[in-house]
Trainee: 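First the structure, then my questions, so here it is.
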2 protein chains.
Amino acid sequence: MKAPESPISVIPEPVPAVDEVDTSYLETLMGYNATRASLKVIELFTKRMAVYELRHVDFSILSLITHNPGITSRQLCGVLGILPPNLVGKISIMEKRELVSRRPHPQDGRAVGLYLTETGAKLMADAERTATALEDDVTQKLSATEKKTLMRLLQKIYL
Amino acid sequence: MKAPESPISVIPEPVPAVDEVDTSYLETLMGYNATRASLKVIELFTKRMAVYELRHVDFSILSLITHNPGITSRQLCGVLGILPPNLVGKISIMEKRELVSRRPHPQDGRAVGLYLTETGAKLMADAERTATALEDDVTQKLSATEKKTLMRLLQKIYL
DNA sequence: TATTGTTATACTCTATAACTATA
DNA sequence: TATAGTTATAGAGTATAACAATA
């Protein structure tokens with residue numbers, strides 16, 4: 001039953017203000033959760049890597065060269081999902097900083113193998129220590145088991 | 001014991017080619033795993049949302065307006081980690097497409113409340129159905145329990 | 001004095017087309 | 001003909017400074 005109309009006109013809050021934002025729907029989406037987590041980690045990563053003048057993608061590139069000496073640009077692009085034209089400039093800068101060197105590929109005359117210089121190897125030894133230390137900070141709220149589970153489940157999404 | 005030097009100079013593969021890329025170190029890092037998973041989901045999300053002419057951030061904005069009518073730009077920026085100058089253009093485009101309308105905030109004369117138009121509400125009803133359907137595809141390799149666990153652990157990282 | 005929304009602007013990231021040299 | 005690497009370029013995303021209107 002409807003209440004009788006009041007003779008005095010009361011505006012019943014026609015445009016209510018939002019006090020607390022409801023994010024419950026977005027939080028049901030894998031893309032939202034994975035992206036928010038990713039951005040949170042990258043944010044801290046960027047800060048800690050600033051001392052080495054490395055962005056998170058630069059770190060991934062140098063880390064792959066570290067563990068795969070002689071890797072080609074194509075292989076880097078394939079693994080990291082970077083387009084070739086966007087890798088060229090990054091490698092050039094790293095070469096100018098004398099972190100990497102380029103040598104002809106042993107079999108394929110079109111390709112170029114990438115290698116760390118001594119300077120690059122020293123930088124990456126420090127940078128990988130920093131990255132590994134960062135792990136403990138970003139997974140602070142997770143137990144060792146939970147961390148392992150999270151890694152495994154994330155890989156089930158992208159592999 | 002060292003083999004005696006051969007009188008014939010044999011080059012012992014000085015620059016070996018990389019056949020399969022070793023990504024095992026990167027896979028121990030939370031940032032790498034979360035980012036790869038995030039990009040994988042966003043890639044598919046972008047394709048499926050193209051029909052609505054929505055990027056994944058546009059979808060998040062409209063979804064928050066859907067579930068929080070009257071939300072302000074500041075609140076959107078706070079929740080999604082967008083900077084105010086970068087939101088202005090997006091909202092303008094959505095207004096031109098007649099998906100959202102802007103009305104003065106009931107209490108704060110500086111602020112503007114954001115609302116879906118009828119067109120916007122219809123579009124988002126379809127878009128959210130598409131997003132929910134996408135969930136099943138990206139979590140194909142996960143059981144219902146695993147999916148729930150993954151969501152919970154990701155939130156432990158970013159919340 | 002602080003905050004909301006905005007403009008202008010610069011820098012980075014991402015994407016496409018087209019070229020060269022080699023396979 | 002196809003592939004590796006490169007150049008040029010356009011578009012999208014992200015960053016800071018500065019301003020008007022309002023709190």
Side-chain angles (χ1 to χ4, degrees), chain A residues 15 17-19 21 35-36 38-40 42-43 45-47 49-50 53-61 65 70-96 100-115, chain B residues 15 17-19 21 35-36 38-40 42-43 45-47 49-50 53-61 65 70-96 100-115:
Chain A
V15 278
V18 174
D19 55 341
V21 179
T35 303
R36 293 298 305 265
S38 163
L39 291 176
K40 176 77 174 276
I42 288 178
E43 190 188 354
F45 198 93
T46 304
K47 282 178 190 164
M49 286 295 160
E53 292 181 82
L54 296 179
R55 313 279 299 174
H56 74 278
V57 183
D58 302 326
F59 173 87
S60 297
I61 292 167
I65 298 174
I71 191 171
T72 67
S73 292
R74 276 288 147 165
Q75 289 176 311
L76 281 174
C77 286
V79 170
L80 295 176
I82 305 170
L83 291 169
N86 301 328
L87 184 64
V88 177
K90 291 181 189 299
I91 301 290
S92 297
I93 290 169
M94 290 174 185
E95 216 181 358
K96 273 175 198 138
V100 306
S101 70
R102 313 206 283 186
R103 289 190 253 159
H105 191 278
Q107 280 102 49
D108 192 335
R110 298 166 300 181
V112 180
L114 299 169
Y115 301 84
Chain B
V15 279
V18 173
D19 56 340
V21 179
T35 304
R36 293 299 305 265
S38 162
L39 291 176
K40 176 77 174 276
I42 288 178
E43 190 188 354
F45 197 93
T46 304
K47 281 178 191 163
M49 286 294 160
E53 292 181 84
L54 297 178
R55 313 278 301 172
H56 74 279
V57 183
D58 302 326
F59 174 85
S60 297
I61 292 166
I65 298 174
I71 193 172
T72 67
S73 292
R74 277 287 147 167
Q75 289 175 311
L76 280 174
C77 287
V79 169
L80 295 176
I82 306 171
L83 291 168
N86 301 329
L87 184 64
V88 176
K90 291 183 189 298
I91 300 290
S92 296
I93 290 168
M94 290 174 186
E95 217 181 355
K96 273 173 199 140
V100 307
S101 69
R102 315 206 282 186
R103 290 189 251 157
H105 191 277
Q107 281 102 49
D108 192 333
R110 299 166 302 183
V112 179
L114 299 169
Y115 301 83

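Values reported hereafter were calculated over all heavy atoms of this structure, with side chains retained and with hydrogens, waters and symmetry mates removed.
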Trainee: Taking 5' to 3' order, which nucleotide of DNA chain D is first and which is last to have an atom within less than 4.0 Å of a heavy atom in chain A?
Mentor: D:dA2 to D:dA8

Trainee: Could you tell me which residues satisfy side chain to side chain contact (heavy atoms under 4.5 Å, CB included) with A:Lys40, sequence neighbours excluded, listed by chain and number?
Mentor: B:Tyr158

Trainee: Show me, pair by pair, the donor-acceptor contacts under 3.5 angstrom made by side chains of residues 70-81 of chain A, not counting sequence neighbours?
Mentor:
residue: A:Thr72; atom: OG1; partner: A:Gln75; partner atom: N; Å: 3.2
residue: A:Thr72; atom: OG1; partner: A:Gln75; partner atom: OE1; Å: 3.4
residue: A:Gln75; atom: OE1; partner: A:Thr72; partner atom: N; Å: 3.0
residue: A:Gln75; atom: NE2; partner: B:Val18; partner atom: O; Å: 2.8

Trainee: According to side chain to side chain contact (heavy atoms under 4.5 Å, CB included), who are the partners of A:Leu39, at least two apart in sequence or on a separate chain?
Mentor: A:Thr35

Trainee: Tell me, please, which residues at least two apart from B:Asp108 pass side-chain hydrogen bond (donor to acceptor under 3.5 Å, both in side chains).
Mentor: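 Scan of B:Asp108 (side-chain hydrogen bond (donor to acceptor under 3.5 Å, both in side chains), adjacent residues dropped) gives B:Arg110.
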
Trainee: Tell me, please, which residues at least two apart from A:Ser60 pass side-chain hydrogen bond (donor to acceptor under 3.5 Å, both in side chains).
Mentor: none

Trainee: Could you list the protein-to-nucleotides 8-14 of chain C atom pairs, N/O on both sides, closer than 3.5 Å?
Mentor:
residue: C:dC13; atom: OP1; partner: A:Arg55; partner atom: NE; Å: 3.0

Trainee: Can you name the side chain to side chain contact (heavy atoms under 4.5 Å, CB included) partners of B:Ile93, sequence neighbours left out?
Mentor: B:Arg97

Trainee: List for me each residue that meets side-chain hydrogen bond (donor to acceptor under 3.5 Å, both in side chains) alongside B:Glu95, sequence neighbours excluded, and say none if there are none.
Mentor: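 If we apply the side-chain hydrogen bond (donor to acceptor under 3.5 Å, both in side chains) test to B:Glu95, skipping adjacent residues, the hits are B:Arg102.
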
Trainee: Do any N or O atoms of the protein come closer than 3.5 Å to N or O atoms of nucleotides 1-5 of chain C, and which pairs are they?
Mentor:
residue: C:dT3; atom: O4'; partner: B:Arg110; partner atom: NH1; Å: 3.2
residue: C:dT3; atom: O2; partner: B:Arg110; partner atom: NH1; Å: 2.9
residue: C:dG5; atom: OP1; partner: B:Val112; partner atom: N; Å: 3.1
residue: C:dG5; atom: OP2; partner: B:Arg74; partner atom: N; Å: 2.7
residue: C:dG5; atom: N7; partner: B:Arg74; partner atom: NH2; Å: 3.4

Trainee: Please name the pair of heavy atoms, one in A:Ala17 and one in B:Pro106, separated by the smallest distance, quoted to 0.1 Å.
Mentor: N-CG, 3.9 Å

Trainee: Is A:Glu53 close to A:Asp58 at the side-chain level, that is, under 4.5 Å between some pair of heavy atoms?
Mentor: no

Trainee: Going by heavy atoms in the side chains, are B:Leu114 and B:Met94 under 4.5 Å from each other?
Mentor: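 No. Closest side-chain heavy atoms not under 4.5 Å.
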
Trainee: Report the end-to-end axis angle of the helix from C:dT1-D:dA23 to C:dA23-D:dT1; each axis comes from five terminal pairs, and the value is rounded to 10°.
Mentor: 10°

Trainee: Once side-chain hydrogen bond (donor to acceptor under 3.5 Å, both in side chains) is applied, do any residues pair with B:Arg55, and if so which ones, sequence neighbours excluded?
Mentor: none

Trainee: On a heavy-atom basis, which atom in A:Ile82 and which in A:Val57 lie closest, and how many Å separate them?
Mentor: CD1-CG1, 3.6 Å

